[in-house]
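Structure record follows, encoded as structure tokens.
What's counted below: heavy atoms across the whole structure, side chains too, no hydrogens, waters or symmetry copies.
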Amino acid sequence: MPEGIRQPTALITGITGQDGSLLARFLLGRGYAVHGLRCYSATDDLERLPDDILSHESFHFITGDLTDGGNLIRVLGNIRPDEIYNLGAQSHVGASFEIPEATANINGLGTLRLLEAVRALNLPARFYQASSSEMFGNAPAPQTEETPFAPCSPYAAAKLYAYWMVRTYRQSYGIHASNGILFNHESPVRGVDFVTRKIARAVARGEPLVLGNLDARRDWGHARDYVEGMWLMLQQKNPGDYVLATGQAHSVRDFVEAAYRHTGTSIFWTGTGTAEKGMCVKTKRILVTVDKKLFRPAEVNHLRGDAGKAKRILGWMPRTTFPQLVAEMVDAERNGGMHVLLRNKRIWVAGETGMVGRAVLRQLEDNGCTVLSAPHDTLDLRNQDAAATWIAAAKPDVIILAAATVGGIEANRTRPGEFLYDNMMIAANVIHAAAQAKVEKLLYLGSSCIYPRDAAQPMREDALLTGGLEPSNEAYAIAKIAGLKLCQYYRQQYGCDFMAAMPCNLYGPGDKFDPMQSHVIPAMILKISAATEWKMPDVTLWGTGAPRREFLHVDDLARALVMILQYYKGAAPLNIGSGEEITIAGLASIIGGHFNYGGRIVFDAAYPDGTPRKVLDSTGIRALGWKPRIALKDGLRATIGDYNIRTAAPDAA
């Protein structure tokens, strides 16, 4: 932490669960000291906590138990956390019918014990309680914060008791305590006894799938999105209760069909009730059967949340669609629950603090590899000796070279020497040191600006060096071409497995919002946001608005890079584009619509346009099975949400 700024401290109960592990990573990435409450166990329960979390200097384990009030008082008294996230629970609804007393003791009274410890110690800590959509039972959908509760299981009843204790302690003692009423949220690290993980695993492995109620409908989102919502609740001035949900419900049957569809298998259904079966359209093989033993004693049939309050007050919104969630879970299972070809590898993402670097780190989460860290403020990659010494000592097996000096047209125009020098030195130093250290794989991140200004569209990889470059970013392009060629020549001369990827224009969370250095999307967001806030009658953007571009969400790029490392063996670079082409004027219109900007968007032709049209031929990467998942409108909405959060809470950004 910068000198003079106190490091925030968080306590997470349920640290070894899905939400606990994802929240720990989220908070560590924001500079927190994280203490994870872990029940004593003689067996290894750390499979969801990879080495980069366990070895983090700001991560600490605390032995504790939600059924022991005295222990909780000692823990809170020693740590005195700023934020408490109570995620610990007996989390399986079906199991709660078998162990109702234990469920009530942990899920209900455990919350009470924590709240009482906060009160007794007079802690100023902010408290988050993991409530559940199961509390609504069969209340009509969509369910909101105002929907009457009607629990249908011991699990839901215990969660409802905890919910009311949070409200009681908030109102009676002034504790900043909030309930997050989270609808179903899943991920590849979901417990194997949950239906979504059960489906993903069986489909990926080609195993028989036995299920209960196929018609039960749930609002399924990605847990990675939901832990951000937890944190946002505790950043508010006033506590409150919030529903987090996607607003869309899908049946268990839908999940099964989507999972098989992702593997290229079509399924049809025959029979009714417990005699119903799911069969492969092509082979007529039985894939799914129904067992009445897997039905709950009291079924909850339809849960679908309305997160309007969270979107309005917190600025939260889900970023992962249902098909994306299903695909990610199936892909993880197909690779043995992780990226099997990267398992146990030591991976270094050079440029880890940048937008691309952070997206790659998110993609590498929970995949069984060790992620090395060397932020740019501790290692200057322009220094040859420093780069060589670090790589030789760290011994990475894989390097993803995303470090670069970057910026928009104005930055390229005014700092060409810096762009050429910095990026050539970074590429040369890292690539040479990687060869000297015999690194197994290196993936170099280039740019679509390497192609000639007037190249035939869409631009193929073999268009490189067939014409003149765009003058406005020539220096940067030359440096990127040099890095790409160095990878190829080291492969040719020394047999190094070094590769290069050329993405189109990128955007997404973590982008740089700087009026003089930003790329086109963050620059537009800055200007249109300001014009909206100040009710300006018009906003002026550079150029004519006529150039055509394709934009790719940085999380889609990260998936592509990991796929290249796993499956690509060629020497030629691979283009990575979205295939979604739009004019700059059209882009501005979409961004203006997201802000509800009512003024005019004016283009100043006195400023440069850059390349008239820049669209990539991405046939090569698509042949590996990759395709973008995030549509431009959806990605822009999430990016603007990220910008709003960062500007509203700059200390937390």
Atom CZ of Phe595: over 12 foreign heavy atoms under 6.0 Å: yes
Under-4.0 Å salt bridge between Lys614 and Glu470: no
Taking the basic N atoms (NZ, or NE/NH1/NH2) and the acidic carboxylate oxygens, is any pair closer than 4.0 Å for Arg415 and Asp422? no
Arg304 (side chain) donor-acceptor with Ala249 (main chain) under 3.5 angstrom: no
Apply salt bridge (Lys or Arg N to Asp or Glu O under 4.0 Å) to the pair Asp241 and Arg170, showing each step before the final yes or no. CA-CA 11 Å; Asp241 305 321; Arg170 181 169 75 209; 2.9 Å; yes
Side chain proximity check, Ile582 to Ile590, heavy atoms < 4.5 angstrom: yes
Check the surroundings of atom CZ in Arg600: do more than 12 heavy atoms from other residues, nucleotides or ligands lie under 6.0 Å from it? no
Can you check whether Ser187's main-chain N or O pairs, donor with acceptor, with Gln18's side chain at less than 3.5 Å? yes
Taking everything shown except Met355 itself, do over 12 heavy atoms lie less than 6.0 Å from its CE? yes
Heavy-atom nearest pair, Lys512 first then Pro522, reads O-CB, 3.4 Å
Spacing of Ile181 atom CD1 and Lys159 atom NZ [to the nearest 0.5 Å]: 11.5 Å
Please determine, by modelled atom types, if Ser373 and Glu352 share a side-chain donor-acceptor pair under 3.5 angstrom. yes
Within the distance-only criterion (no hydrogens, no angle test), does the side chain of Trp316 pair as donor or acceptor with the backbone N or O of Asp225 below 3.5 angstrom? yes
Exercise: identify the closest heavy-atom pair between Ile521 and Ile591: O-CD1, 4.2 Å
Roughly how far, to the nearest 0.5 Å, is NZ of Lys309 from CG of Leu244? 11.0 Å
Taking the inter-plane angle between the rings of Phe149 and Tyr163 on a 0 to 90° scale, is it parallel (under 30°), tilted (30 to 60°) or perpendicular (over 60°)? perpendicular
Contacts table for residues 540-547: side-chain donor-acceptor under 3.5 angstrom, sequence neighbours left out:
{"residue": "Thr544", "atom": "OG1", "partner": "Ala546", "partner atom": "N", "Å": "3.2"}
{"residue": "Thr544", "atom": "OG1", "partner": "Asp609", "partner atom": "OD1", "Å": "3.4"}
{"residue": "Thr544", "atom": "OG1", "partner": "Asp609", "partner atom": "OD2", "Å": "2.7"}

Counting only N and O atoms by type, is there a donor-acceptor contact under 3.5 Å from the side chain of Arg119 to the main-chain atoms of Tyr173? no
Scan Tyr128, Tyr32, Tyr85 and name whichever one has a side chain to side chain donor-acceptor pair (under 3.5 Å) with Trp231. Tyr32
When you look at Leu325 and Glu186, which way does the side-chain contact (heavy atoms from CB on, under 4.5 Å) test go after all the steps? CA-CA 8 Å; Leu325 169 66; Glu186 319 295 319; 4.2 Å; yes
Distance alone, cut at 3.5 Å: any donor-acceptor contact between the side chains of Asp306 and Thr144? no
Nearest-0.5 Å distance, NE2 of residue His594 to CD1 of residue Ile525: 9.0 Å
Atom CD1 in Ile79, atom NE2 in His35: separation rounded to 0.5 Å? 5.0 Å
Short side-chain to backbone donor-acceptor contact, Arg218 and Asn184, under 3.5 Å: no
Step through the shown structure and confirm whether more than 12 heavy atoms of other residues, nucleotides or ligands are within 6.0 Å of CD on Gln171. yes
Is the Lys NZ or Arg CZ of Arg30 less than 6.0 Å from the centre of Phe26's six-membered ring, within 45° of the axis? yes
Any side-chain heavy atom of His222 within less than 4.5 Å of one from Pro188? yes
For a quick test of reading the model, state the closest non-hydrogen atom pair linking Ala310 to Val243 and the distance between them. CB-O, 3.6 Å
Establish, from distance only, whether the side-chain atoms of Thr246 and Asp219 form a donor-acceptor pair under 3.5 Å. yes
Does a side-chain heavy-atom distance below 4.5 Å link Val520 with Phe551? yes
With a 4.5 Å cut-off on side-chain heavy atoms, are Pro318 and Lys311 touching? yes
According to the interplanar angle, ranging from 0 to 90°, do the rings of His250 and Phe322 count as parallel (below 30°), tilted (30 to 60°) or perpendicular (above 60°)? parallel
Could you walk me through whether His185 and Asp19 satisfy the side-chain contact (heavy atoms from CB on, under 4.5 Å) test, starting with their C-alpha distance in whole Å, then the side-chain angles of each, then the deciding distance to 0.1 Å, before giving a yes or no? CA-CA 9 Å; His185 47 289; Asp19 292 4; 2.6 Å; yes
Under 3.5 Å, is there a donor-acceptor pair between the His553 and Asp634 side chains? no
Nearest heavy-atom approach of Glu550 to Gly577 is OE2-CA, 3.7 Å
As a quick check of understanding, evaluate side-chain contact (heavy atoms from CB on, under 4.5 Å) for Gln324 and Glu328, giving each step before the final call. CA-CA 6 Å; Gln324 291 167 0; Glu328 183 176 333; over 6 Å; no
Does the side chain of Gln457 reach to within under 4.5 Å of the side chain of Met459, using non-hydrogen atoms? yes
For Ser58 and Gln7, which I'm curious about, is there any donor-acceptor pair between the side chains at under 3.5 Å? yes
Is there a side-chain contact between Arg319 and Glu228 in this structure, where contact means two heavy atoms from C-beta onward sitting under 4.5 Å apart? yes
Do Tyr451 and Leu616 have side-chain heavy atoms sitting under 4.5 Å apart? yes
Donor-acceptor pair, side chain of Arg382 and main chain of Ile426, under 3.5 angstrom: no
Given 3.5 Å as the limit, does a donor-acceptor pair link the side chain of Tyr597 with the main chain of Met536, or not? yes
Give a yes or no on whether the backbone of Thr405 and the side-chain of Asn423 come within a donor-acceptor separation of less than 3.5 Å. yes
Closest approach of Gly305 to Ala245 (non-hydrogen atoms, all atoms of both residues): CA-CB, 3.5 Å
Have Ser472 and Asn412 got a donor and an acceptor in their side chains that come within less than 3.5 Å? no
OG1/Thr611 to CZ/Arg548 distance, rounded to the nearest 0.5 angstrom? 14.5 Å
Which atom of Pro81 lies closest to which atom of Ile84, heavy atoms considered: CG-CG1, 3.7 Å
Once you measure the plane-to-plane angle for Phe513 and Tyr643, does it fall in the parallel (<30°), tilted (30-60°) or perpendicular (>60°) bin? tilted
Please step through side-chain contact (heavy atoms from CB on, under 4.5 Å) for the pair Ile584 and Arg549, ending with a clear verdict. CA-CA 7 Å; Ile584 297 299; Arg549 297 284 186 272; 3.9 Å; yes
Measure the CG-CD distance between Leu314 and Gln236 for me, rounded to the nearest 0.5 Å. 5.0 Å
Do Leu123 and Arg80 have side-chain heavy atoms sitting under 4.5 Å apart? yes
